[in-house]
Amino acid sequence: MPRPLEIKSLAVVMPAHNEDQHIGKALAALKASADALHHERQDIEARIVVVLDHCTDRSAEIAAAHTSGDNRFSVVNVQLRSTGASRDFGFRAALESLRADDAAGIWLATTDADSAVPLHWLTRQVELADAGADAVLGSVEPDPADMEPAIHRRWLELHPFREDHQHIYGANMGIRASAYISAGGFPELRAHEDRVLVERLRHRGFAVTATDTIRVVTSGRTHSRAPEGFAAYLRSLAAELPTPASG
């Protein structure tokens with residue numbers, strides 16, 4: 001008999017708003033991770049939903065090129081203008097398509113369209129879920145190629161890579177579907193929807209595991225898509241740095 005917590009199906013949601021500079025790399029990494037999961041766990045049914053939210057660039061064209069012919073992927077266009085609403089829309093669409101008798105056996109993962117997940121990203125989340133985790137919070141590193149070295153160093157000082165870290169990133173999360181439904185899903189917010197959901201999960205007593213074993217590399221840009229999002233935070237770090245004295 002399988003253990004009650006064993007994951008039998010899985011869905012990934014990747015929201016995107018005008019990410020034609022990054023979405024191709026993000027989808028290639030996600031597809032490789034899904035392939036690795038299939039190699040290790042052929043018993044797990046996987047669905048991947050790309051939610052294009054009010055995209056006016058080439059994101060749709062690029063997404064179609066990367067997902068065409070792969071029936072694990074679906075690409076949907078919405079006009080929600082909200083990362084939280086996009087993630088929730090994608091999860092609920094995926095749940096409708098998955099064949100599962102019990103939401104406790106479904107794992108929901110999410111990342112961003114400007115982020116590249118590691119090869120073992122899904123495999124490791126399933127391992128942690130099967131060990132009892134109701135939610136997994138992975139770590140994130142902004143791409144040093146996008147940043148001034150001083151800003152990257154400051155990031156590393158404030159965000160040490162370790163197990164049981166205190167950080168929450170929508171670009172690197174996984175949640176058991178039963179816990180997601182119980183907590184009400186992602187709120188319809190443009191930023192911090194990830195923090196609100198995790199607070200709800202912890203308040204309800206779900207087992208939340210934070211790990212550095214599935215580190216995601218994300219864009220280090222400092223121009224904001226959301227007023228209080230990741231890019232805005234990186235810009236605030238830059239503002240804190242001392243200004244070089246003029247000669």
Side-chain angles (χ1 to χ4, degrees), residues 2-15 26 29-30 32-38 40-41 43-49 83-84 87-88 90-92 94-95 98 100 102-113 115-141 159-187 192-218 230:
R3 289 179 295 174
L5 296 175
E6 187 175 57
I7 299 302
K8 303 304 295 182
S9 55
L10 175 149
V12 183
V13 169
M14 176 188 286
L30 182 52
S33 184
D35 289 343
L37 174 66
H38 179 70
E40 294 292 329
R41 293 289 304 273
D43 59 307
I44 293 181
E45 179 186 11
R47 292 285 184 272
I48 303 164
V49 183
T83 307
R87 289 194 208 278
D88 185 66
F91 276 159
R92 296 188 186 278
L95 285 171
L98 286 169
D102 186 355
I106 303 175
W107 191 253
L108 304 173
T110 188
T111 186
D112 287 338
S115 305
V117 304
L119 187 66
H120 65 289
W121 187 63
L122 292 173
T123 307
R124 179 60 176 152
Q125 288 191 57
V126 169
E127 290 175 353
L128 293 169
D130 284 347
D134 293 310
V136 172
L137 309 179
S139 54
V140 161
E141 180 178 11
H159 302 80
F161 297 125
R162 59 180 178 81
E163 296 301 282
D164 301 317
H165 60 79
Q166 300 300 309
H167 306 292
I168 301 168
Y169 307 103
N172 195 355
M173 292 181 66
I175 310 160
R176 194 178 301 277
S178 52
Y180 183 80
I181 294 167
S182 175
F186 280 110
H192 306 320
E193 77 284 351
D194 43 8
R195 297 185 196 176
V196 173
L197 176 57
V198 172
E199 287 173 3
R200 292 175 179 172
L201 292 168
R202 286 174 167 155
H203 180 72
R204 287 164 172 77
F206 288 107
V208 178
T209 297
T211 180
D212 183 46
T213 60
I214 50 170
R215 191 183 308 170
V216 163
V217 176
T218 195
F230 190 75

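- Put simply, CD1 on Ile106 and CG on Leu98 are 5.5 Å apart, with the number rounded to the nearest 0.5 Å.
- Rounded to the nearest 0.5 Å, atoms NE2 (His120) and CD (Gln125) are 9.5 Å apart.
- Proximity of a side-chain donor or acceptor of Arg162 to a complementary backbone N or O of Asp164 within less than 3.5 Å is detected.
- With sequence neighbours left out, the side-chain hydrogen bond (donor to acceptor under 3.5 Å, both in side chains) criterion links Arg204 to no other residue.
- Considering all non-hydrogen atoms of both residues, Ala177 and Ala103 come closest at CB-O, 3.3 Å.
- Counting only distance, with no hydrogens or angles, the side chain of Ser9 and the backbone of Ile44 share no donor-acceptor pair below 3.5 Å.
- Taking every heavy atom of both residues into account, Ala32 and Leu119 meet most closely at O-CD1, 3.4 Å.
- Nearest heavy-atom pair across Gly132 and Ala207 is O-CB, 3.8 Å.
- Among all heavy-atom pairs drawn from Val49 and Ala94, the shortest one is CG2-CB, 4.0 Å.
- Checking side-chain atoms of Arg200 against main-chain N and O of Gly185 turns up a donor-acceptor pair under 3.5 Å.
- For Asp43, the side-chain hydrogen bond (donor to acceptor under 3.5 Å, both in side chains) criterion is met by Lys8, Arg41, not counting sequence neighbours.
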Can you list the steps and then say if Asp134 with Leu201 is a side-chain contact (heavy atoms from CB on, under 4.5 Å)?
CA-CA 9 Å; Asp134 293 310; Leu201 292 168; over 6 Å; no
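- Formation of a donor-acceptor pair under 3.5 Å by the Thr211 side chain with backbone atoms of Gly138 is not found in this model.
- In this structure, CG in Asp35 is found 9.5 Å from CG in Leu30, a value given to the nearest 0.5 Å.
- Judged by distance alone, with hydrogens and angles left aside, the side-chain atoms of Ser139 form no donor-acceptor pair with the main-chain N or O of Phe161 at under 3.5 Å.
- With contacts defined as side-chain heavy-atom distances shorter than 4.5 Å, the pair Tyr180/Asp88 qualifies.
- Heavy-atom minimum distance, Pro118 versus Val216: CD-CG2, 3.9 Å.
- Aromatic ring orientation, Phe186 versus Phe91: parallel (interplanar angle below 30°, classes split at 30° and 60°).
- Scanning all heavy atoms of the two residues, the minimum distance from Asp112 to Ala171 falls at OD2-CB, 3.5 Å.
- At a threshold of 4.5 Å between non-hydrogen side-chain atoms, the residues Thr111 and Met14 count as touching.
- With rounding to the nearest 0.5 angstrom, the CD1 atom of Ile48 is 8.0 Å from the CG atom of Leu10.
- A 4.5 Å side-chain heavy-atom check between Asp194 and Thr110 finds every atom pair outside the cut-off.
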Trace of the side-chain contact (heavy atoms from CB on, under 4.5 Å) decision for His167 with Val140
CA-CA 9 Å; His167 306 292; Val140 161; over 6 Å; no
Please step through side-chain contact (heavy atoms from CB on, under 4.5 Å) for the pair Met173 and Val13, ending with a clear verdict.
CA-CA 10 Å; Met173 292 181 66; Val13 169; over 6 Å; no
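- Contact check for Thr209 versus Glu163: no side-chain heavy atoms found under the 4.5 Å cut-off.
- The closest side-chain heavy-atom distance from Trp121 to Leu37 is not below 4.5 Å.
- Distance CZ/Arg47 to CG/Leu108: 13.5 Å, rounded to 0.5 Å.
- Taking Glu127 as the reference, Arg124 meet the side-chain hydrogen bond (donor to acceptor under 3.5 Å, both in side chains) condition, with sequence neighbours excluded.
- For the atom pair CZ (Arg202) and CG (Leu197), the distance works out to 10.5 Å, reported to the nearest 0.5 Å.
- The closest donor-acceptor contact from the side chain of His165 to the backbone of Leu137 lies under 3.5 Å.
- Taking the charged nitrogens against the carboxylate oxygens, Asp102 and Arg176 have no contact shorter than 4.0 Å, which rules out a salt bridge.
- Side-chain contact between Val117 and Asn172: absent, with no pair of heavy atoms (C-beta onward) separated by less than 4.5 Å.
- Residues Ser115 and Tyr169 fail the side-chain proximity criterion, which asks for heavy atoms closer than 4.5 Å.
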